[in-house]
Novice: 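Below: one structure in structure tokens.
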Amino acid sequence: MQAFKHLYNDFKPENYHIFLDVNRETKQFSGDVTVTGEALTRDLAFHQKDLAITSVLVDGQAVDFTLDEVSETVAFAIAKTGKVAVAFSYSADLTDNMTGIYPSYYEVDGVKKQLVGTQFETHFARQAFPSIDEPAAKATFDLSVKFDEKDGESIVSNMPKVSNEAGIHTFDTTVKMSSYLLAFVFGDMQSKLGQTKTGTQVGVFSTRAHKVAALDFPLDIAIRVIEFYEDYFKVAYPLPHSWHIGLPDFSAGAMENWGAITYREVALLADPDNSTLESRQYVALVIAHELAHQWFGDLVTMEWWDDLWLNESFANMMEYVAIDAIEPDWHIWEQFSLAEAPMALNRDAIDGVQSVHVAVNHPDEINTLFDGAIVYAKGARLMVMLRKWLGDKDFSAGLQAYFETHQYGNTVGSDLWAALSTASGRDVSAFMTSWVDQPGYPVLSVTVDGDELVLSQHQFFTGQGVDESRLWHIPLNTNWTGLPDVLSEKEVRIPDFAKLSAENGDQPLRFNAENAAHYLVNYSDDLNEKVVSSIQTYDAITKVQLIQSALKLAEGGLADYAALVTLLAEFDNETANPVNAAVSQALKALEIFIDEDSASEADFKQFVGQLFDAQYKRLGWDKVAGESFNDEQLRALPISWEVYAGNADAVANSTAIFAKHASDIHSISADIRQIVLKNQIVEHETAELVKQYFDAYANTTDQTFQRELNVAVSSTKNTATVAEIIAQYTNTDLVKPQDLRFWFSSLIRRDFSQDAAFAWLVKNWDWVQEKLGGDMASGDFIKVIGNSFDTEAKLTAFISFTDRFKDEPAFKRIVEMAKTQITSKIDLLASQKEKVQAALAKAV
């Protein structure tokens, strides 16, 4: 990769005056852009990518220019430095990989249609107009767009529309912002509008392929979240409106364009007649995440991409803070422990993982450096940890000062630490640096030596790892009084353990309360026995934490898998949904040790059948009027495991429900639909059934239903069906590129279909790169292989496959980590498989 130069050092843009004329028929557009700003040198370069520039005018005078596609620039000279206006005329193609300006395709009543929208993060604005396409280069934008408009179509952007003359839609001048936050979407859209109590207009937009009622839930959530943030941040929402727009094709989950947030449809829309609580919670969390960015990321923006982690980590935490405030009955922090905690604990335990904060020399490196499990999940855990350590009052006050000081500007991470330190009187930088600048996380070992309590820390690994003697500032968050607040040394010895225990009522000693910090606790056998003996008295999050810890400690060789099996058996009459979900996660991790169609599988099925029998009988298959959110959300889990275990009643019920809805399988209750669809394939697969699933997939606009059909049909035991599925991977009319990784994952994770899926990827890797190489998605194919392969032969095949691109910046770290994962699983199976199978046989 060639040396990278920050163009903002040479030119400071102040305003962009942009006119775009888009033609969907030809998939092309033309543009005229005038950029006003201050030139600090006479030799200038602006970013551009794949633009056919026909002229460059400087203060009205034509100048010679040079295009460099490698550095993605247009270079030219000017007569003098200072205030200057640079005008560009150009044309370009709409892209076909969900970056820049691109079409999204969908159907309504059999008629093919498209929305045209934008995706400019991280550095794709240059595909739409010449610019200083760096986050520090903030400016105002005057946008006008003309397109091949048809009756009933509309266009929305960051700011309100001020005119529509001769088909040219002109929008009000934006506030000062980074180029990657500019956005517009046009086409045939429906909308629902409302406003906050302070007068901000809020709207949800979608294609007419969806029920208009599906816009109601997200509208309500968006309004209430904005109102919460205004109160929490003590800074008003800074724009006249907040638009939320669902796009049929979108590579990410959502994008925080200021005032015009774009979403994957499944992350925005909620069917009021047949959706799960889980899917509605997901929509609410995504909306809250993107709205947090309107302050943290948009109003105040990182100076360069190495601090993008701070944007995402903060928003990932705030989505839970906001939803917990507006929907307290959801107990959403329990979901945080189930979703974010295991994702971070799993990925961050692999040797070679990146730290949260990593130097970024070029935006292209973001594809590999910003691992979602680290940037989002681990980063969010660190922010939760910091908020708990400071207290919510000081945390909120620090944020208010941060926004007021840096609004419409750019910052680095230390600016936030400084604001929080001033508000709290604590040294936030010293506390956080060890966590964000070092990879991995510690395990806190807790033992008693004589009458001394001994606390020590060392880095935790699953698989082989090189101990580099890293130390962290560990917030102990203990339930005992009289212990330190933070452990920053390798070891500390605390005297008078017996006295401390008596002063704390001899209650079991526990650390990391509320699962709020990013570390594991490894208690000595005697201390652990006391903790486990009181397990039924703990809250749900503590139970979840103990299950997660037992699993990770076993995976890391610090505990016995038999202890995990024994612990799981404690929850055979557990009523809390999050605890059952944590048990389920642990069981799925144990499946690696189970051989299909073997005695071990029979034992495993009997074990899970025992674990979930009580809740299966208690909840049944049907919703109950007035039941708790917990029971509504839990019901599907015991049903799913009982069907897997071969419970005759569960299998018969599933088959009967399918038969009842056979003519309209989408009408099956969303809570149990995936279970029923999958069971039908497993128990009663026919060619006609497979065709029915494919037809339903092609004809629905419900992306949740599509994913359920994908999982169901991929559960086949028929090699011909596997081949039929794989044949559809390149059929972009059926499997949108945005969904390909989900289809691939469903097959590569199963031993039965793994070889066929991998062979397809090897053969079609260049095509995958063409379709998905422009964003952060193509690396996911490597990650899912790392999560799935577990034999020497498959490791060899993986190394052979990745050899040609293993040193590319976008893949180097991902490939190495996948190799480490596969190797560690091979070793784990060799050392633990017989022990796990023996423990399961004993448990039943």
Novice: Using 0.5 Å steps for rounding, measure from the CZ atom of Phe461 to the CG atom of Asp467.
Specialist: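 Between atom CZ of Phe461 and atom CG of Asp467 there are 6.0 Å.
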Novice: Quick check: do Met318 and Tyr229 have side-chain heavy atoms less than 4.5 Å from each other?
Specialist: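 Met318 vs Tyr229: side chains touch.
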Novice: With sequence neighbours excluded, give me every side-chain hydrogen bond (donor to acceptor under 3.5 Å, both in side chains) pair touching residues 521-530.
Specialist: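 Qualifying pairs: Ser524-Asp526.
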Novice: With a 4.0 Å cut-off on N to O distance, would you call Lys783 and Asp371 a salt bridge?
Specialist: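 Looking at Asp371 together with Lys783, the answer is yes, because their closest N to O distance falls below 4.0 Å.
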Novice: Salt bridge or not for Lys833 and Asp790, using N-O below 4.0 Å?
Specialist: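 A salt bridge is absent here (no side-chain N lies under 4.0 Å from a carboxylate O).
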Novice: Which class fits the ring pair Tyr561 and Phe593: parallel under 30°, tilted 30 to 60°, perpendicular over 60°?
Specialist: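 The arrangement is perpendicular - the two ring planes meet at more than 60°.
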Novice: Hey, could you give me the OG/CD1 distance between Ser337 and Ile547, rounded to the nearest 0.5 Å?
Specialist: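 Going from OG on Ser337 over to CD1 on Ile547, the span is 11.0 Å.
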Novice: What residues form a ring pair (Phe, Tyr, Trp, His ring centres under 6.0 Å) with His406, not counting sequence neighbours?
Specialist: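 Partners of His406 under the ring pair (Phe, Tyr, Trp, His ring centres under 6.0 Å) test: Tyr402.
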Novice: Kindly compute the distance separating OG1 (Thr478) from CZ (Phe511), expressed to the nearest 0.5 Å.
Specialist: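 Answer for the OG1-CZ pair, Thr478 versus Phe511, is 4.5 Å.
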Novice: Can you check side chain to side chain donor-acceptor pair (under 3.5 Å) on Gln821 and Asn787, steps first, answer last?
Specialist: CA-CA 7 Å; Gln821 283 181 282; Asn787 289 329; 2.8 Å; yes
Novice: Below 6.0 angstrom between ring centroids: does that apply to Trp472 and Tyr441?
Specialist: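 Between Tyr441 and Trp472, which both carry aromatic rings, the centre distance is not below 6.0 Å.
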Novice: Start with the C-alpha distance between Arg813 and Glu816, add both sets of side-chain angles, then the distance that settles salt bridge (Lys or Arg N to Asp or Glu O under 4.0 Å), and finish with yes or no.
Specialist: CA-CA 5 Å; Arg813 187 188 300 273; Glu816 286 303 312; over 6 Å; no
Novice: Classify the ring geometry between Phe336 and Tyr320 as parallel (under 30°), tilted (30 to 60°) or perpendicular (over 60°).
Specialist: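 Judged by the thresholds at 30° and 60°, the geometry between Phe336 and Tyr320 is perpendicular.
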Novice: Do the rings of His289 and Tyr376 sit parallel, tilted or perpendicular, given the 30° and 60° boundaries?
Specialist: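 Ring orientation of His289 relative to Tyr376: parallel.
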Novice: Please name the pair of heavy atoms, one in Pro508 and one in Ser534, separated by the smallest distance, quoted to 0.1 Å.
Specialist: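 Heavy-atom minimum between the residues: CG-OG, 3.7 Å.
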Novice: Kindly assign one of parallel, tilted or perpendicular to the pair Trp641 and Phe612, based on the angle between their ring planes and the thresholds 30° and 60°.
Specialist: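 Trp641 and Phe612: parallel rings.
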Novice: Have Gln507 and Asn479 got a donor and an acceptor in their side chains that come within less than 3.5 Å?
Specialist: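 Judged by distance alone, the side chains do pair up.
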Novice: Decide whether Asp392 and Tyr232 meet the rule of one side-chain donor and one side-chain acceptor closer than 3.5 Å.
Specialist: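 Per modelled atom types, Asp392 and Tyr232 side chains form a pair under 3.5 Å.
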Novice: Taking all non-hydrogen atoms of both residues, which atom of Arg618 and which atom of Leu634 are closest, and how far apart?
Specialist: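 Minimum heavy-atom contact is NH2-CD2, 4.0 Å.
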Novice: List the steps and the verdict of side chain to side chain donor-acceptor pair (under 3.5 Å) for Arg381 and Asn316.
Specialist: CA-CA 9 Å; Arg381 292 200 88 200; Asn316 222 40; over 6 Å; no
Novice: Is it the case that over 12 heavy atoms from other parts of the model lie below 6.0 angstrom from the NZ atom of Lys490?
Specialist: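 Result for NZ/Lys490: enclosed.
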Novice: Tell me, yes or no, whether the heavy-atom count around Glu834 atom CD, taken from other residues, nucleotides or ligands under 6.0 Å, exceeds 12.
Specialist: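 Atom CD in Glu834 is not packed in, count stays at 12 or less.
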Novice: Got a salt bridge between Arg224 and Glu327, using NZ or NE/NH1/NH2 to carboxylate O under 4.0 Å?
Specialist: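 Yes.
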Novice: Go through it in stages, so that I can follow the logic: the residues are Leu455 and Ile474, the test is side chain to side chain contact (heavy atoms under 4.5 Å, CB included), and I'd like the CA-CA distance, side-chain angles, deciding distance and then a yes or no.
Specialist: CA-CA 11 Å; Leu455 307 178; Ile474 302 176; over 6 Å; no
Novice: Is the NZ atom of Lys499 crowded by more than 12 outside heavy atoms at less than 6.0 Å?
Specialist: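 Open.
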Novice: Which atoms form the tightest heavy-atom contact between Ser584 and Leu637, and what is the distance?
Specialist: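 The answer is OG-CD1, 3.6 Å.
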